[in-house]
Amino acid sequence: MDCTLVRTLVRRYCAGEEDWVDSRTVYVGHREPPPGAEAYIPQRCPDNRIVSSKYTFWNFIPKNLFEQFRRIANFYFLIIFLVQLIIDTPTSPVTSGLPLFFVITVTAIKQGYEDWLRHKADSAVNQCPVHFVQHGRLVRKQSRKLRVGDIVMVKEDETFPCDLIFLSSSRVDGTCHVTTASLDGESSHKTHYAVQDTKGFRTEEDIDSLHATIECEQPQPDLYRFVGRINVYSDLNDPVVRPLGSENLLLRGATLKNTEKIFGVAIYTGMETKMALNYQSKSQKRSAVEKSMNVFLIVYLCILISKALINTVMKYVWQSKPFQDEPWYNQKTEAERQRNLLLRAFTDFLAFMVLFNYIIPVSMYVTVEMQKFLGSYFITWDEEMFDEATGEGPLVNTSDLNEELGQVEYVFTDKTGTLTENNMEFKECCVEGHVYVPHAICNGEAAIDMIDASPGAGGREREELFFRAICLCHTIQVKDDDEVDGPRKSPDSGKRCAYISSSPDEVALVEGIQRLGFRYLRLKDNYMELQNRDSDIERFELLEILSFDSVRRRMSVIVRSATGEIYLFCKGADSSIFPRVIEGKVDQIRSRVERNAVEGLRTLCVAYKRLIQEEYEGIYKLLQAAKVALQDRERKLAEAYEQIEKDLILLGATAVEDRLQEKAADTVEALQKAGVKVWVLTGDKVETAAAACYACKLFRRNTQLLEVTTKRLEEQSLHDVLFELSKTILHCSASLTRDNFSGLSADMQDYGLIIDGAALSLIMKPREDGSSSNYRQLFLDICRNCSAVLCCRMAPLQKAQIVKLIKFSKEHPITLAIGDGANDVSMILEAHVGIGIIGKEGRQAARNSDYAIPKFKHLKKMLLVHGHFYYIRISELVQYFFYKNVCFIFPQFLYQFFCGFSQQTLYDTAYLTLYNISFTSLPILLYSLMEQHVTMDTLKRDPALYRDIAKNALLRWRVFIYWTFLGVFDALVFFFGAYFMFENTTVTSNGQIVTTNTHMRCC
């Protein structure tokens, strides 16, 4: 019996998900595999229709109503309206129904219009024409008719209609250039590679003759990850298996550039494309003001119930006296006399609830939303926050958190590209202990300063090997420059090449080495070309690329020289290179690296080793086995890289400067004066990050630095380090009065904490007894008493862990995270407020943030000015809404004591209907948009004013009770003022008042 199927099912349903990865098989051109190859199992996949709309014509009304009545205020007023319809109440159902209908209708129209626009956009995309290859010729169809397995042709400047596996290109080398600005905001050209065995198929007839199947993972949203393999069948031989990765995948939404046309096979379509899978919205963030509003509504609901109970009890107490139960003018019917007492009391209670329900502001949510939406334009219109260099201004991705900008207590910021410009400049390199400092190129020759003595003959060879390593170990593209006043220049025409890379460091290194005499020219036909000092062209065959990743913190290339020698060149962080080095002047280079790091320079180390042909063949087999794996490909590649990148010979190190952004230090200083704690979370090494923190005034010269780093933990246990720091810092804070927010007090020692990723992992790791809270709490206590914290060597998820740790501490402070790269997205999404910098590392951060700004310096005005104004305005708006309803309804409550608790209304129906939605909403809305209690210049000049509104100061219970009692007092004045004014008087039809002593007075 064949147990293969049984084993597969057991493995699938009994093993964990990590042990089984689902996959799909795609038949290229819908051609069945040849007999004897594999079973043809057609799979059902969706068409290429994109649906971003929320509603359809049929479900709009029920679905929209359901979503709106999930809001507690809307549901409450619906219940009141139904009560008014069912029982005899003192007010007309119109008084509750019309305001509710107005709110529901306005919201439904807004949401319906927005969804209609989405339908319109979907229709335009789905009907876009696409070129298919069918029976050896091109056929034009609508995009929505595309299916998985169809072969598609895309021309230059067209967007890819679905996710495609790149089969062939009009370029001879089988490459194409794409831009992914609509996906991740990066405008630079990225190079993708066709499958090796299909890149020669350049016509429709050739591509239609392709016989192949593709095995790949099921759709998942990660834009930068893809695992698959292609089986190319021939008539005689077994299928050729080639690995497929993200470099072979062309994503929907990307645009083809600098390539005449490409052919690709559809692999994910419609809502399974990576772009569509990334449509899902982020988790909803709620501001502290909104939470306060909900609590206040519950309080007022309790007050409403109390009023209704009091009046119900008082009514039956008053009617217990003779002849007051049935006055002569309102005698009860026999049926009313026979009704159950409890039923009558409950009916009266509901009637009083209806009479007093206007104490709950029905239009408050709508007014608050309008205030937030309209108020958000003040940020986008702010000309001071517009950056002329980039042509970018601030963006508001959500207006729900405007007031939260005025409540921030912790700012978590990235370093590179956020505090710094991410504009790298090559400063120096150290080769075999000799330091080279390049200068500008003069008359075509580079001027070089040698700090040490010139190297000898052996050193000269190592020096040139170092320069070649920098020219070869990268993923840079050479851009074709179109000169306005002349023809296109080739890289070897004596002109400077235009380099494009996703990493600014790589461009800075290659351009810096060019000033030292070695120039990278191009990658052509899998050969990398460079020009040496003697202006000779050297060609190296590119055999393998071991890509960079944030875990290894290094990358490598394997190349073969014209003489047949095979080299592995590796560059990366010092912490990942030094442990793998067995030869070289390690001490001299390490000393130079540490010196450059202290000066705030970014450092990389370069190493190499020679390979013999047998070694390379073993490496090739190892890499191929890992590349074609569908399961655990990343783990297998990482293990292969670990085996290959060892026993290296150290060549030298480089130093690149990343300048501090304009006014970054001023912004950090202003935030600290405002009582905001600033933490820097970066992947850089300790010395480099610490130097940047001193430069931006996060650390001061009198700041005592405390370290919880791997280096210190090698000498002491984590327990001893944390308790020692706790004893030092908490003893100091107990003896001196310390400000809760910042460490800028002049009468005490400032502390700054430095922690690295490895130490944080130990702190967050559960202890052997199963508890993890002790170390975390101790760590939090230390951090609270530090004026600034620097976290180095942080992985993206560790950044989010830090934010989450502070966010859910017992004080529940409001957190803000700001960054510019994809590695900052996790902490931006975790924080209460996420701000993205529109920077050079793409726009992933800006796209996933709540707000986006061009430069870090704009954070100062966004928090200290806009945030301050937003919080003041929304707080007074919320408090005023409750105040005005108390003023309106409390006289109605008092009136019941003068009308025998007969549930008579004090106001006309029109006033009850329009009071909330018109008479009192519009004035406070305009006030809450325009109010400036102090000038902008004052707020920028005195950051300490930000502390006055900290911790939701204007919506605390004391302030809320003050506004409530103010409303009660004013209601008493209104009611009894009018009562005593009209006592013993008669009002005539012309508005005149006649007193009992017949004197006439005009009112």
Residue pair Ala953 / Gln407: nearest heavy atoms and the distance that separates them: N-OE1, 4.5 Å
Sub-4.5 Å side-chain heavy-atom contact between Ile838 and Leu395: yes
From CA spacing to verdict: side-chain contact (heavy atoms from CB on, under 4.5 Å), Thr413, Val668: CA-CA 10 Å; Thr413 175; Val668 170; over 6 Å; no
Check: His933 ring centroid to His868 ring centroid under 6.0 Å: yes
N/O donor-acceptor pair under 3.5 Å between Arg519 side chain and Cys471 backbone: no
Shortest non-hydrogen separation from Cys473 to Met555 and the atoms involved: SG-O, 3.7 Å
His474: partners by ring pair (Phe, Tyr, Trp, His ring centres under 6.0 Å), with sequence neighbours left out: Tyr520
Criterion side-chain contact (heavy atoms from CB on, under 4.5 Å) on Glu811 and Glu409, from CA distance to verdict: CA-CA 11 Å; Glu811 293 88 359; Glu409 298 171 59; 5.8 Å; no
Residue Lys940 excluded, over 12 heavy atoms near NZ under 6.0 Å: yes
Residue Arg595 excluded, over 12 heavy atoms near CZ under 6.0 Å: no
Reported NE2-to-NZ distance for the pair His177 and Lys257, which is rounded to 0.5 angstrom: 12.5 Å
Cys792 backbone acceptor or donor facing Asp756 side chain under 3.5 Å: no
CG-OG distance between Leu401 and Ser376, expressed to the nearest 0.5 angstrom: 11.5 Å
Separation between CD1 of Ile577 and CG of Leu604, rounded to the nearest 0.5 Å: 8.5 Å
Heavy-atom check, side chain of Lys855 versus side chain of Gln661, under 4.5 Å: yes
Distance in Å, Thr418 OG1 paired with Ile835 CD1, rounded so as to fall on 0.5 Å steps: 11.0 Å
Lys861 and Met936: CA distance, side-chain angles, deciding distance, side-chain contact (heavy atoms from CB on, under 4.5 Å) verdict: CA-CA 9 Å; Lys861 186 172 186 182; Met936 289 188 180; 4.2 Å; yes
Trace of the side-chain hydrogen bond (donor to acceptor under 3.5 Å, both in side chains) decision for Glu506 with Thr475: CA-CA 8 Å; Glu506 286 191 336; Thr475 56; 3.2 Å; yes
Heavy-atom check, side chain of Leu859 versus side chain of Leu671, under 4.5 Å: yes
Rounded distance (nearest 0.5 Å) linking atom OH of Tyr870 with atom CE of Met862: 8.0 Å
Test: Arg515 cationic atom under 6.0 Å from Phe426 six-membered ring centre, within 45° of axis: no
Shortest non-hydrogen contact from Ala817 toward Met827: CB-O, 3.4 Å
Passing candidate, side-chain hydrogen bond (donor to acceptor under 3.5 Å, both in side chains) with Tyr851, options Thr380, Asn402, Asn397: Asn402
Heavy-atom side-chain proximity of Asp820 to Phe856 below 4.5 angstrom: no
His832 and His812, any side-chain heavy atoms less than 4.5 Å apart: no
Exercise: identify the closest heavy-atom pair between Leu419 and Ala664: O-CB, 3.8 Å
Given Glu403, Lys372, Gln932, the one that forms side chain to side chain contact (heavy atoms under 4.5 Å, CB included) with Arg873: Gln932
Under 3.5 Å: donor-acceptor pair, side chain of Asp382, backbone of Phe378: no
Test applied, side chain to side chain contact (heavy atoms under 4.5 Å, CB included); reference residue, Glu830; option that passes from Val803, Ile802, Thr815: Val803
Electrostatic pair Asp666:Lys857 at N-O distance under 4.0 angstrom: no
Closest contact, heavy atoms only, Ile828 versus Gly836: CD1-CA, 4.4 Å
N/O donor-acceptor pair under 3.5 Å between Ser787 side chain and Tyr751 backbone: yes
Atom NZ of Lys663: over 12 foreign heavy atoms under 6.0 Å: no
Side-chain touch Val708/Ile782, heavy atoms, less than 4.5 angstrom: no
Phe518 and Leu472, any side-chain heavy atoms less than 4.5 Å apart: no
Glu707 bridged to Arg712 by N-O distance under 4.0 Å: no
Intermediate values then yes/no, side-chain contact (heavy atoms from CB on, under 4.5 Å), Ile806 and Leu780: CA-CA 8 Å; Ile806 298 298; Leu780 279 173; 3.3 Å; yes
Value rounded to 0.5 Å, distance of CD in Gln801 from CG in Leu681: 11.5 Å
Backbone N/O of Ile853 and side chain of Glu392: donor-acceptor pair under 3.5 Å: no
Beyond-backbone contact of Leu945 with Leu864, side-chain heavy atoms, under 4.5 angstrom: no
Non-hydrogen atoms of Ser576 and Gly572 that approach each other most closely: OG-C, 4.1 Å
Any donor-acceptor pair under 3.5 Å from Glu657 side chain to Glu425 backbone: no
